[in-house]
Trainee: 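Quick one: the structure is below, and I'll ask about it shortly.
When a ligand or atom number is given, it counts from 1 through the structure's own listing order.
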Amino acid sequence: MSKRVAIIGAGVSGLTSIKCCLEEDLEPTCFEQSNDIGGLWRFTENIEEHRASIYNSVITNTSKEMMCFSDFPMPEDFPVFLHNSKFLEYLRLYVDHFNLLKYIKFNTSVLHIEKAKDYSTTGQWTVVTEKDGKQECCTFDAVMICTGHQIEAYMPLESFPGLEKFKGNVFHSRYYKNPEGLEGKTVVIIGMGNSAADIAVETCRKAKKVYISTRGGTWVMSRVYDSGFPWDTVFHTRFNNVLRNSLTWLLLRWLTEKKMNQWFNHENYGLVPRNRSLMKEPVFNDDLPSRILYGAVKVKPLVKEFTESSAIFDDGTVEENVDVIIFATGYTVAFPFLDKSLIEVEDNCVPLYKHVFPPHLEKPTLAFIGLIQPLGPVMPTAELQARWATRVFKGLSSLPPESTMVTDIIKRNEKRIKWFGTSRSQSIQTDFITYVDELAVELGSKPNLLMLLLKDPKLALTIFFGACSPFQFRLRGPAKWAGARNAILTQKERIVKATKTRVVDKPSDHNLFSLLKILGLLVLLTAVFFALAQPFSSPSNATVMD
Ligand SMILES: Cc1cc2nc3c(=O)[nH]c(=O)nc-3n(C[C@H](O)[C@H](O)[C@H](O)COP(=O)(O)OP(=O)(O)OC[C@H]3O[C@@H](n4cnc5c(N)ncnc54)[C@H](O)[C@@H]3O)c2cc1C
Ligand SMILES: *[C@@H]1O[C@H](CO)[C@@H](O)[C@H](O)[C@H]1NC(C)=O
Ligand SMILES: *[C@@H]1O[C@H](CO)[C@@H](O)[C@H](O)[C@H]1NC(C)=O
Ligand SMILES: *[C@@H]1O[C@H](CO)[C@@H](O)[C@H](O)[C@H]1NC(C)=O
């Protein structure tokens, strides 16, 4: 009989976990407390208690070829970056295609998860659920927690003296849906993440004044990168990753700053990150710099104190007549249905082996999926976690001893702090390619570039120099996908197709261009020739010949 797996949540992580269970012949049951799939990506006007809540205008900050699941590319006509409703549409296509709906129990909350009576021999868990006020208790061979981490609003009210006296409106970005109601108002936004920037850009068209108040500052990046390609398809190539991992820290930092300041000088815009030794996750916003140029958004330091109607900033400046304060201060990771002895969240950090397994359990039958913030797309990352976890459940892959896992967790945390800093918002941050490769090694699905270079050089070069898209992890190993090779070789075409929606004439100066190319080649050859000829004409050689 196949093992039964409980999956908690039907967002991105839960859906791919169902699919991965099916790949490994496990029997999944997914519990979703709301009445539909999508988790965070299903926008609703009303705010549900245990589900993430987004604003109407959320657009993905990762591109479609990077954020799809590894065996299911997005339809060709989808845009490169997607409105949240479009991404939800993709999730529905995924669910339909792999027939996942029948494994999901909607309107069913998980209240409690605990070790079953004979856990120490079977590794089983008891899951208590509630539907329509009725509780039920079931036993499962393994559990996958896919409940997300952007649910519980974090509002550090205590660090803002005087806030209790403030007469205006105060709320968390979770409660922001659109700029309605902010017409003519003076708005102070606390925080400098993606949400803060999005809300500032959107509200400044209607509000009287908009301030962003930030302690640390941030790098702001455009989604539109070199030659107009989506940032992540250029940033996340294996070639660039090798470079980043082999450069010295100082050089890497220098190059990063140079690149970040290419678009606009972050110092002149008051945005430059305070702690420059860090590769803090950037904010993706194409409009913020222009709004700052128009004077529609002003960047301020932290608020020192609030009064009934004003904000006093750290630099002593005062803004009178503030109407609204929005806390875009992020979220707290929480698992209300788990006992503290199973997992202890400290400083918003969750100590998990490779971000998936609690290290101290006797049996590796409890996995956390999607509890991660890679400097890239969450979807393929969660998918690889789930592929690995299901192999571990089946005993096809095993975990090292507890002490090894604990050491690994400590080391990983030190590296995170070195790269991304100690900021709360980066508590589950990791880099992308290095981490997904690590998971892929566990599965045996990391592409073997040397072998490919001999067998299929075109593919090998695209994998190394092209975008590190999820399809790379379906070329070999368990649950290979026959379409992976073709998907990799055509990914660039698909990106261009989405924007090249008008037939463009071939440039008329085509001949001139070829001529230039030939000329360039000639110059290069001449340069090489002279470089090679150099030693023979150098003075030292001349003396020898004398
Ligand atoms: C504004 C915003 C934009 C983002 N943009 C991107 C992006 O462009 N690219 C990217 O890769 N990532 C992005 N992210 C990160 C995001 O976390 C992931 O994209 C992804 O949504 C995480 O999915 P998840 O399934 O882990 O969690 P969620 O989507 O939060 O789903 C969790 C599900 O679990 C259910 N649940 C919770 N508790 C229980 C319970 N006790 N019982 C039963 N069900 C329960 C919830 O109802 C929900 O459906 C963004 C995040 C935010 C906030
Ligand atoms: C879930 O509850 C809603 C009402 O809250 C109801 O309309 C829907 O039919 C229910 N779905 C299931 C699958 O029970
Ligand atoms: C995209 O935005 C969300 C919400 O702010 C954030 O959690 C995620 O880390 C961002 N992704 C990247 C790659 O910056
Ligand atoms: C910057 O971050 C590093 C690494 O976290 C830390 O050691 C250093 O003290 C920080 N510097 C400042 C000025 O905060």
Trainee: Would you check if the side chain of R51 reaches a backbone N or O of R42 as a donor-acceptor pair within less than 3.5 Å?
Mentor: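 A pair under 3.5 Å: yes.
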Trainee: Among all protein heavy atoms, pick out the one at the shortest distance from atom 7 (O) of ligand 3; state its residue, atom name and that distance to 0.1 Å.
Mentor: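 Looking at atom 7 (O) of ligand 3, the protein heavy atom closest to it is Q150 NE2, 3.2 Å.
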Trainee: Just jot down the ligand 1 atoms closer than 4.0 angstrom to any heavy atom of R51, in number order.
Mentor: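 Counting from 1, the qualifying ligand atoms are 47 (O).
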Trainee: Are G376 and ligand 3 in contact, using a heavy-atom cut-off of under 4.0 Å?
Mentor: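 Contact check G376 vs ligand 3: positive.
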Trainee: For atom 13 (C) of ligand 2, what's the nearest protein heavy-atom neighbour? Residue, atom name and distance, please.
Mentor: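 I find the closest protein heavy atom is F106 CB, 4.1 Å.
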Trainee: Give a yes or no on whether the backbone of H50 and the side-chain of Q33 come within a donor-acceptor separation of less than 3.5 Å.
Mentor: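 A pair under 3.5 Å: yes.
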Trainee: If I apply the N/O under 3.5 Å rule, does V12 come out as touching ligand 1?
Mentor: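 Looking only at distances, the answer is yes, because the N/O contact criterion of under 3.5 Å is met.
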Trainee: Could you find the nearest protein heavy atom to atom 10 (C) of ligand 3 and give me its residue, atom name and distance?
Mentor: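 In this structure, atom 10 (C) of ligand 3 has N61 ND2, 2.7 Å as its nearest protein heavy atom.
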Trainee: Please identify which atoms of ligand 1 are closer than 4.0 Å to at least one heavy atom of M379.
Mentor: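 By the 4.0 Å cutoff, the relevant atoms are 10 (C), 11 (O), 19 (O).
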Trainee: When you compare ligand 1 with T62, is there at least one nitrogen or oxygen pair between them that comes in under 3.5 angstrom?
Mentor: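 So ligand 1 has an N or O lying under 3.5 Å from an N or O of T62.
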Trainee: Tell me: protein heavy atom nearest atom 25 (O) of ligand 1, and distance?
Mentor: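 Result: S13 N, 2.9 Å.
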Trainee: Can you pull out the closest protein heavy atom to atom 1 (C) of ligand 2? Residue, atom name and distance to 0.1 Å, please.
Mentor: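 Closest protein heavy atom to atom 1 (C) of ligand 2: N107 ND2, 1.4 Å.
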Trainee: To check your reading of the model: name the closest protein heavy atom to atom 3 (C) of ligand 1, its residue, and the distance in Å.
Mentor: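 Nearest neighbour among protein heavy atoms for atom 3 (C) of ligand 1, to 0.1 Å: V58 CG1, 4.0 Å.
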Trainee: If the cut-off is 4.0 Å to any non-hydrogen atom of C146, which atoms of ligand 1 fall inside it?
Mentor: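 With C146 as reference, the close atoms of ligand 1 come out as 32 (C), 33 (C), 34 (O).
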Trainee: Among F87, F106, W41, F31, which one puts a heavy atom closest to atom 21 (O) of ligand 1?
Mentor: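 Of the listed residues, W41 has the closest heavy atom.
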Trainee: Run the numbers for me: atoms of ligand 1, each under 4.0 Å from some heavy atom of Q150, listed by number.
Mentor: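 Per the distance check, 15 (C), 16 (C), 17 (O), 51 (C), 53 (C).
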Trainee: For ligand 1, which is the ligand I care about here, please tell me if Y331 has any N or O atom under 3.5 Å from one of the ligand's N or O atoms.
Mentor: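 So ligand 1 has no N or O lying under 3.5 Å from an N or O of Y331.
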Trainee: Does W263 have its ring centroid less than 6.0 Å away from the ring centroid of W219?
Mentor: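 Aromatic pair excluded; centres sit 6.0 Å or further apart.
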Trainee: Among protein heavy atoms, which sits nearest to atom 34 (O) of ligand 1, and what does the distance come to when rounded to 0.1 Å?
Mentor: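 Result for atom 34 (O) of ligand 1: G9 CA, 3.2 Å.
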Trainee: When the aromatic ring centroids of H172 and Y331 are compared, is their separation below 6.0 Å?
Mentor: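 Distance test on ring centres: under 6.0 Å, yes.
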Trainee: Measure centre to centre between the rings of Y435 and H355, then say whether the value is under 6.0 Å.
Mentor: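 Yes, close enough.
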Trainee: Please report which non-hydrogen protein atom sits nearest to atom 30 (O) of ligand 1, along with the residue it belongs to and the distance in Å to one decimal place.
Mentor: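 Protein heavy atom at minimum distance: G148 CA, 3.8 Å.
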Trainee: So, is V110 polar-close to ligand 1, with some N/O to N/O distance under 3.5 Å?
Mentor: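 Yes.
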Trainee: Which atoms of ligand 1 have any heavy atom of N61 under 4.0 Å away?
Mentor: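 The atoms of ligand 1 under 4.0 Å from a heavy atom of N61 are 5 (N), 6 (C), 7 (C), 8 (O), 9 (N).
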Trainee: Do any heavy atoms of T108 fall under 4.0 Å from ligand 1?
Mentor: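 Right, T108 reaches ligand 1.
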Trainee: On the ring face of F140, is R4 found with NZ or CZ under 6.0 Å from the centre and within 45° of the axis?
Mentor: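 Checked: cation-pi criterion met.
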Trainee: Check the angle between the aromatic planes of F393 and F357 and answer parallel, tilted or perpendicular using the 30° and 60° thresholds.
Mentor: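 Correct class here is perpendicular.
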Trainee: Which is it for K259 and D226 under the salt bridge (charged side-chain N to carboxylate O under 4.0 Å, His left out) test, yes or no, and what are the steps along the way?
Mentor: CA-CA 11 Å; K259 185 77 194 166; D226 299 353; 2.8 Å; yes
Trainee: Do Q385 side-chain atoms and I369 backbone N/O form a donor-acceptor pair below 3.5 Å?
Mentor: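 Absent.
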Trainee: Do any nitrogen or oxygen atoms of V378 come within less than 3.5 Å of a nitrogen or oxygen of ligand 1?
Mentor: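 Among all N and O atoms of V378, at least one is under 3.5 Å from an N or O of ligand 1.
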Trainee: I need the atoms of ligand 2 closer than 4.0 Å to a non-hydrogen atom of K131, numbered in the order shown.
Mentor: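 Numbered from 1, ligand 2 contributes 14 (O).
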Trainee: Would you check if the side chain of T139 reaches a backbone N or O of W125 as a donor-acceptor pair within less than 3.5 Å?
Mentor: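 The answer is no, because no donor-acceptor pair under 3.5 Å joins these two groups.
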Trainee: For Q373, counting its heavy atoms only, list the atoms of ligand 3 lying under 4.0 Å from any of them.
Mentor: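 So the atoms of ligand 3 that pass are 9 (O).
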Trainee: What protein heavy atom sits nearest atom 38 (N) of ligand 1, and how far away is it?
Mentor: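 Nearest protein contact, heavy atoms only, for atom 38 (N) of ligand 1 is T147 CG2, 3.5 Å.
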Trainee: Please confirm whether the ring centroid of F264 lies under 6.0 Å from the ring centroid of Y269.
Mentor: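 Aromatic pair counts; centres sit under 6.0 Å.
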Trainee: Can you figure out which of N194, D232, L375 has its heavy atom closest to atom 5 (O) of ligand 3?
Mentor: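 That would be N194.
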Trainee: Give the atom numbers and elements of ligand 1 that come within less than 4.0 Å of a heavy atom of G39.
Mentor: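 Every atom of ligand 1 under 4.0 Å from some heavy atom of G39: 29 (O), 31 (O), 48 (C), 49 (O).
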Trainee: Step through it carefully: locate the ring centre of F43, locate the ring centre of Y55, and say whether they are under 6.0 Å apart.
Mentor: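 No, too far apart.
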Trainee: The test is side-chain hydrogen bond (donor to acceptor under 3.5 Å, both in side chains); show your working for S34 and D36 and say whether it passes.
Mentor: CA-CA 6 Å; S34 73; D36 202 351; over 6 Å; no
Trainee: Determine whether a donor-acceptor pair (N or O, by modelled atom type, separation under 3.5 Å) exists between the side chain of N169 and the backbone of I325.
Mentor: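 Checking the backbone N and O of I325 against the side chain of N169, no donor-acceptor pair under 3.5 Å is found.
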Trainee: Between S445 (side chain only) and R474 (backbone N and O only), is there a donor and an acceptor less than 3.5 Å apart?
Mentor: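 Checked: no pair found.
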Trainee: For ligand 1, which is the ligand I care about here, please tell me if S195 has any N or O atom under 3.5 Å from one of the ligand's N or O atoms.
Mentor: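 For ligand 1, there is no N or O atom that lies under 3.5 Å from one belonging to S195.
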Trainee: With the side chain counted from C-beta on, respond yes when I190 and V303 share a heavy-atom pair under 4.5 Å apart, and no when they do not.
Mentor: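 A side-chain contact under 4.5 Å exists here.
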Trainee: With a cut-off of 4.0 Å, which atoms of ligand 1 are near a heavy atom of P377?
Mentor: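 Within the 4.0 Å cut-off of P377, ligand 1 contributes 11 (O).
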Trainee: Please indicate whether any nitrogen or oxygen in L40 is less than 3.5 Å from any nitrogen or oxygen in ligand 1.
Mentor: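 Such a contact does occur with ligand 1.
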Trainee: Considering heavy atoms of the protein only, find what lies nearest to atom 9 (O) of ligand 3 and give residue, atom and distance to 0.1 Å.
Mentor: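 The answer is E281 OE2, 2.9 Å.
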Trainee: So that I know where these two stand, are F78 and F87 an aromatic pair - ring centroids less than 6.0 Å apart?
Mentor: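 Between F87 and F78, which both carry aromatic rings, the centre distance is not below 6.0 Å.
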Trainee: Got the closest protein heavy atom to atom 48 (C) of ligand 1, with its distance?
Mentor: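 Checked against all protein heavy atoms, atom 48 (C) of ligand 1 sits closest to E32 OE1, 3.5 Å.
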Trainee: Which ligand 3 atoms are under 4.0 Å away from a heavy-atom of F284?
Mentor: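 Answer for ligand 3: 14 (O).
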Trainee: How far apart are the C-alpha atoms of T434 and D431, what are their side-chain angles, what is the distance that settles it, and do they pass the side-chain contact (heavy atoms from CB on, under 4.5 Å) test?
Mentor: CA-CA 6 Å; T434 312; D431 49 2; 3.3 Å; yes
Trainee: Cation-pi between R238 and F465: NZ/CZ under 6.0 Å from ring centre and within 45° of the ring axis?
Mentor: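 Output no; distance or angle outside limits.
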Trainee: Could you tell me whether Q33 and ligand 1 have an N or O pair separated by under 3.5 Å?
Mentor: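 Yes; at least one N/O pair falls below 3.5 Å.
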Trainee: Report the residue from F171, Y175, F160, Y176 that forms a ring-ring contact (aromatic ring centres under 6.0 Å, His included) with F327.
Mentor: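 Considering F171, Y175, F160, Y176, a ring-ring contact (aromatic ring centres under 6.0 Å, His included) with F327 is found only for F160.
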Trainee: May I ask you to check if ligand 1 and Y55 share an N or O to N or O distance below 3.5 Å?
Mentor: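 In fact, backbone or side chain, Y55 has no N or O that close.
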Trainee: Would you check whether S109 reaches within less than 4.0 Å of ligand 1, judged by its heavy atoms?
Mentor: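 Yes, S109 has heavy atoms under 4.0 Å from ligand 1.
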